[in-house]
Number of protein chains: 2
Amino acid sequence: MSLTDTSQSSNCAAMSDVLNRIGDKWSVLVVGILGRSGTLRFNELKRTINGVSQRMLTLTLRNLERDGLVTRTIYPEVPPRVEYGLTELGKTLQVPISGLWDWSAEHHATIVEARANYDARQPGTDNAPAKIAYARG
Amino acid sequence: MSLTDTSQSSNCAAMSDVLNRIGDKWSVLVVGILGRSGTLRFNELKRTINGVSQRMLTLTLRNLERDGLVTRTIYPEVPPRVEYGLTELGKTLQVPISGLWDWSAEHHATIVEARANYDARQPGTDNAPAKIAYARG
DNA sequence: CGGTATCCTGAGAGATACTG
DNA sequence: CAGTATCTCTCAGGATACCG
């Protein structure tokens with residue numbers, strides 16, 4: 001489980017790689033939503049997420065599809081219909097994401113509080129963590 | 001567990017908030033390293049991570065400290081010494097991060113493979129997921 | 001040693017307009 | 001409906017130089 005052990009360095013790369021997908025806020029939302037809805041069309045997803053631009057949703061879905069996490073099924077109809085769903089791999093990803101989700105729900109208040117506390121201690125800045133003026137200890 | 005249920009919408013905000021920290025690759029590494037090392041000095045961390053710039057490590061540590069995830073202890077000596085460690089909250093975060101880490105280790109190869117597969121199917125582009133020219137189905 | 005301040009570049013992301 | 005193309009702008013993040 002070492003982070004720096006060269007024999008495990010591939011894990012570091014794997015983490016970075018996966019985090020690039022997880023860190024993308026839309027990706028997590030898409031996986032989460034598809035996980036419980038089963039399958040949705042493009043605009044259904046767009047409406048559900050509410051805040052994502054068409055461009056970002058497209059890019060997000062393409063990346064997820066590329067990584068083998070979501071399926072994309074085109075129905076050659078008029079008007080066109082495209083449905084998205086989770087692959088088996090995508091479903092397994094839901095487990096650790098769920099863990100993170102639960103942790104967030106449980107400790108978010110604590111973080112917000114810690115943040116407010118920290119900011120209150122900073123003399124110069126209002127709430128941004130920009131300048132830290134050696135106060136502490 | 002609903003992602004869109006308004007009664008749970010605070011969870012969405014919490015997730016976004018937490019993901020902004022988790023999605024930061026350095027944050028995860030710092031938490032992981034501090035978790036197993038217990039406590040480290042600034043340059044020890046910098047050497048261990050190996051690739052992070054001084055600026056980014058400073059910013060990362062400040063944010064983690066602000067969120068109540070790491071402690072920062074200044075020893076007013078000459079030369080100065082500053083030690084970083086995980087708070088109790090930070091230690092609890094290690095659990096879900098560990099889950100994600102394990103998932104990454106287990107499925108990274110599959111993702112890489114899926115990616116190669118996907119790219120191989122794309123006619124115009126070599127390996128970048130830039131242009132998708134309606135091939136599929 | 002452990003930072004802070006400043007400059008600079010480019011990837012990320014919204015808005016908009018067009019297409020099969 | 002489900003995208004693609006382009007333009008723009010912000011800001012994350014590296015390099016560098018200096019300070020307590």
side-chain N/O B:Arg72 vs C:dG2 OP1/OP2, d < 4.0 Å: no
Phosphate contact (D:dC1 OP1 or OP2) by A:Tyr84 side-chain N/O below 4.0 Å: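 No.
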Taking the side chain of [X] as heavy atoms from C-beta outward, which of [options] is closest to it?
X: A:Thr58; options: D:dG3, D:dG14, C:dG3; result: D:dG3
X: B:Val82; options: D:dC1, C:dG2, C:dA17; result: C:dG2
X: A:Arg62; options: D:dT4, C:dC1, C:dG3; result: D:dT4
X: A:Asn43; options: D:dA2, D:dG14, C:dC1; result: D:dA2

Nearest heavy atoms of A:Val31 and A:Gln94, plus distance in Å: O-NE2, 3.8 Å
B:Arg47 vs A:Gly51, nearer the 5' end of DNA chain C by closest nucleotide: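 This one resolves to B:Arg47.
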Report the distance from atom [atom1] of [X] to atom [atom2] of [N], rounded to the nearest whole Å.
X: B:Arg41; N: C:dC1; atom1: CZ; atom2: C1'; answer: 7 Å
X: A:Ile74; N: D:dA2; atom1: CD1; atom2: C1'; answer: 9 Å
X: B:Glu77; N: D:dG20; atom1: CD; atom2: C1'; answer: 15 Å
X: B:Leu45; N: C:dC1; atom1: CG; atom2: C1'; answer: 14 Å
X: B:Asn63; N: D:dG13; atom1: CG; atom2: C1'; answer: 13 Å
X: A:Asp24; N: C:dG12; atom1: CG; atom2: C1'; answer: 10 Å
X: B:Arg55; N: D:dT16; atom1: CZ; atom2: P; answer: 14 Å
X: B:Gln54; N: C:dA5; atom1: CD; atom2: P; answer: 13 Å

Heavy-atom donor-acceptor pair, B:Glu44 side chain to B:Arg41 backbone, under 3.5 Å: yes
B:Arg72 to B:Tyr84, cation-pi by 6.0 Å centre distance and 45° axis angle: no
Pairwise distance CG(A:Leu59) to CH2(A:Trp26) - rounded to 0.5 angstrom: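 Atom-to-atom, A:Leu59:CG and A:Trp26:CH2 are 12.5 Å apart.
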Spacing of CH2 belonging to A:Trp101 relative to CE belonging to B:Met15, to within rounding of 0.5 Å: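 These two atoms lie 5.0 Å from each other.
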